[in-house]
Protein chains: 2
Amino acid sequence: MTVADVAKAAQVSKAQAARALGNYGAVSDDVRERVLAAAEALSYRPNELARSMNTGKSHTIGVVVGDIENPHFGLATRGITDAAKKAGYNVILVNTDEDRAAEVEAVRILLDKRVDGLIVAPASSVDTAHLQQVHQSGRPLVFIDRTGGDLDVETLAVDMAKISLEATQHLLEAGHRRIAFISTLRTDAPYKPGMTLDSSQIEDRLEGMQRAFLAAGLPFPEDLVRLNAGDAESIRSITRDVLRGPERATAVVASDGLIALSVVEAIQELGLSIPGDVSFLMYDDFPWTRLTTPPLTVIAQPVYNMGVAAAKALIRQMEGLPPAAPAQFTATLVRRGSVGPCPDLQEPVAAGRTVAAP
Amino acid sequence: MTVADVAKAAQVSKAQAARALGNYGAVSDDVRERVLAAAEALSYRPNELARSMNTGKSHTIGVVVGDIENPHFGLATRGITDAAKKAGYNVILVNTDEDRAAEVEAVRILLDKRVDGLIVAPASSVDTAHLQQVHQSGRPLVFIDRTGGDLDVETLAVDMAKISLEATQHLLEAGHRRIAFISTLRTDAPYKPGMTLDSSQIEDRLEGMQRAFLAAGLPFPEDLVRLNAGDAESIRSITRDVLRGPERATAVVASDGLIALSVVEAIQELGLSIPGDVSFLMYDDFPWTRLTTPPLTVIAQPVYNMGVAAAKALIRQMEGLPPAAPAQFTATLVRRGSVGPCPDLQEPVAAGRTVAAP
DNA sequence: TTGAAAGCGCTAACAC
DNA sequence: GTGTTAGCGCTTTCAA
């Protein structure tokens, strides 16, 4: 069933039928009615592909994220699709597993498919040649969650350095000095302060932590920054590691909800209690964090709203409108029960006392 | 940059250039080389839209789910996209909010966009005219999670009646007789046994429960089947309701992870302990269910694998291959700590005793 | 192996 | 208002 068929049935020219069907140009009521009736009778449906070919607009946006399995992206995606749908756009979703090569390919394919614009959570803030290409291809691009290095692209993200500073201060005030930070971010070398990281987000968080220590006149425990936390087992082993020995961490910050699960499990397995022996803090406020005992202290990010804003910003660009005032999203520290005062770490000595007591 | 440009640069006909670029037909090595070199130099990229118009294949599949925000669908979607990508397909994702009208529209749009096939988690197993249309449009269709009434469509789902029977028996063996079942499923009237429900999945679960009670020679507490649990507040109010009075439930089954959160919160707010005062069981084994105190007894479903299988099945159909042996997915009851023996509900009497004691 | 020409289903100029 | 004629960028006859 094509416009030609409908036109024939309605006894009008192809052009008139197309105009009535596509709702453009000038069509008399009489013709419109006949065409629509014919279309209905033939159960005609437009071929959006053909339509896109002519107009150059596919009414589709590409979304490239690291991992939809992560509820963080699940929520953001929900925000994006909701806003997109409302504006008449569909979403092609691609998962990159935080792999740069996969991201490069994803962008290429989406561009080939002629999406009208792209929303990307860049796997790397350093290696952004492929994203520059998008920009050059003339199609709008928006970043979500993390920046893309020095690319001049509208970015919807929270001020990570700020909230990280705030969270670290909270821990410092509770007396913690040995604070561990665990993230899946892949790096070639172990962490050194000032080193360039692939993720602007993690970089900002670490910067916030450092600033907090600096402001307090305390040394930043860089040995407790643990990146490359890959699968669940490696996260647990890292957790065990930072919680071992006399110089052990007394507080652990988990970089996202997925890591948090393994970290908390490892803490429980070690027989340590939260927050008695270890304080715990994580990024993202998922509903389940209220159900644990104790409920977890978290950094809440307006993820859904960021998704909505990203889609809206992209659509504005696609429609050639001037960019709206850049929305600034703020994360908030939700103090629940998993951060407590720093425990006394002189237990080995205490143990000696016990022996001496009798 | 079009094939015409490349052809000109390579000094061959448009047809030959297209053949070299598209990797079909007969092309001499010499021509191929020149064309590819020219394409590279001009940084030519094919227009997949135009390609699709001719071939009739868009290499895109449509996925229609109720709510990606729900990690259940997040995981399934991940499985689908992983398998799709491996086979060279992209995914357009549409969220329906479990709304039938939205689903009808989603299917229509995806069909208009010429997706090669559809994976749907039908919002209703009853009202399936729009899905029948898909079938008639000649494009392959696969269901995930729930069946579509009597439509003859390949469906990837677990045997819900079976696992529900098993889970209910587990509760019955622990002495529970008053078992509540809470679901967001929308219905027009309150639940009556045997009534037609929109969701095959919920219907099967309730059937499993009934069979378990029947087999045990016990009356099925149909008054504790609570559907239409919409937002968080309504779920809590329902929970409070079923846990009130002398005839209160002693065990609660939550239909999914999202509901579970509110149910557990409500239980905690009531000051009741799990499993001392109330036993609790939920569908879907999310990682966080191991972190609560006590860890939750759950029904685990191989969601990711179902997603992978759905994509594979769809792709087989799209490529005209005979359907593989229908994969049967089985859910498993993971017994953790949230189901305990049925508490003694005669406390008012016990209280009387206390008074009499002195 | 190559090229010319016809078409996929639609929109967009251009006349009338 | 309406119809005719070109395309969009590619694939696919069909001859050569």
Side-chain angles (χ1 to χ4, degrees), chain A residues 1-36 38-39 42-60 88 108-116 137-139, chain B residues 1-36 38-39 42-60 88 108-116 137-139:
Chain A
M1 285 304 125
T2 72
V3 268
D5 299 314
V6 176
K8 200 174 300 172
Q11 317 238 48
V12 295
S13 73
K14 221 175 67 175
Q16 275 312 81
R19 288 195 254 257
L21 260 8
N23 228 330
Y24 59 92
V27 186
S28 68
D29 288 353
D30 173 46
V31 167
R32 187 192 325 283
E33 251 171 60
R34 266 160 45 215
V35 170
L36 263 28
L42 300 175
S43 58
Y44 161 87
R45 293 269 75 220
N47 182 332
E48 292 294 345
L49 251 35
R51 202 167 259 181
S52 297
M53 278 227 53
N54 293 278
T55 61
K57 325 227 86 268
S58 62
H59 287 278
T60 302
R108 200 176 46 63
I109 291 179
L110 290 170
L111 252 25
D112 289 355
K113 291 221 169 178
R114 295 306 189 260
V115 294
D116 292 339
S137 89
R139 256 158 301 178
Chain B
M1 286 304 125
T2 72
V3 270
D5 298 313
V6 176
K8 200 174 300 172
Q11 317 238 50
V12 295
S13 71
K14 219 175 65 175
Q16 277 310 83
R19 288 195 254 255
L21 261 7
N23 228 331
Y24 59 90
V27 186
S28 67
D29 289 353
D30 174 47
V31 167
R32 188 193 325 283
E33 254 170 57
R34 271 164 38 217
V35 169
L36 261 30
L42 300 174
S43 61
Y44 162 85
R45 292 267 76 220
N47 184 330
E48 291 294 346
L49 251 37
R51 203 167 257 182
S52 297
M53 277 225 53
N54 292 277
T55 61
K57 323 228 87 269
S58 62
H59 287 278
T60 302
R108 199 176 46 63
I109 290 179
L110 290 171
L111 252 25
D112 289 353
K113 291 222 170 179
R114 295 309 191 255
V115 294
D116 292 339
S137 89
R139 257 159 302 178

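Each chain gets a letter, A, B and so on, in the order the sequences are listed, and its residues count up from 1. Values below: every heavy atom of this structure, side chains too, minus hydrogens, waters and symmetry copies.
- Between B:Leu36 and B:Ala20, the shortest heavy-atom distance links the atoms CD1-O, 4.2 Å.
- Remark: the A:Thr60 side chain and the A:Lys113 side chain contain no N/O donor-acceptor pair separated by less than 3.5 Å.
- Residue pairs meeting the salt bridge (charged side-chain N to carboxylate O under 4.0 Å, His left out) criterion with at least one member in residues 45-60 of chain A, sequence neighbours excluded, are A:Arg45-B:Asp112, A:Glu48-A:Arg51, A:Lys57-A:Asp116.
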Could you go over nucleotides 13-16 of chain C and give all protein N or O partners under 3.5 Å, atom names and distances?
from, atom 1, to, atom 2, distance (Å)
C:dA13, N6, A:Arg19, NH1, 3.4

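- Considering all non-hydrogen atoms of both residues, A:Ala38 and A:Ala9 come closest at CB-CB, 3.9 Å.
- In this structure, the side chain of A:Arg139 engages the main chain of A:Leu111 through a donor-acceptor pair within 3.5 Å.
- The main-chain N or O of B:Ala10 is found under 3.5 Å from a side-chain atom of B:Arg34 such that the two form a donor-acceptor pair.
- Each of B:Ala26 and B:Arg114 lies near DNA chain C, and the nucleotide nearest B:Ala26 is the one positioned closer to the 5' end.
- Between A:Tyr44 and C:dC10 there is a side-chain polar atom (N or O) within less than 4.0 angstrom of OP1 or OP2.
- As rounded to whole Å, 11 Å separates atom P of C:dA4 from atom NZ of B:Lys14.
- One interatomic measurement links the two molecules: NZ of B:Lys113 to C1' of C:dC10, which rounds to 15 Å at whole-angstrom precision.
- For the residue pair B:Leu49 and A:Ser52, the shortest heavy atom distance occurs at CD2-CB, 3.6 Å.
- A heavy atom closer than 4.0 Å to some atom of DNA chain C occurs in B:Met53, B:Asn54, these being the qualifying members of residues 49-58 of chain B.
- Counting to the nearest Å, the P atom of C:dG9 and the CG atom of A:Leu42 are 14 Å from each other.
- With the end axes of the helix from C:dT1-D:dA16 to C:dC16-D:dG1 each set by five pairs, the angle from one to the other reads 40° at 10° resolution.
- Residues A:Arg114 and B:Asn47 meet the side-chain proximity criterion, which asks for heavy atoms closer than 4.5 Å.
- Looking at which nucleotide of DNA chain D each of A:Val31 and B:Leu21 is closest to, the 5′-most match is held by A:Val31.
- At C:dG9, none of the side-chain N or O atoms of A:Thr2 fall inside 4.0 Å of OP1 or OP2 (strictly under the cut-off).
- With a heavy-atom cut-off of 4.0 Å to chain B, the contacted part of DNA chain D has its first and last nucleotide at D:dG9 to D:dT13.
- Applying the salt bridge (charged side-chain N to carboxylate O under 4.0 Å, His left out) test to residues at least two apart or on different chains, none of the pairs has a partner in residues 2-24 of chain B.
- Atom CG of A:Asn47 is separated from atom C1' of C:dT11 by 13 Å (rounded to the nearest Å).
- Note: CZ (B:Arg34) to P (C:dT2) measures 8 Å, nearest angstrom.
- Side chains of A:Met1 and A:Val6 form no contact here, defined as non-hydrogen atoms less than 4.5 Å apart.
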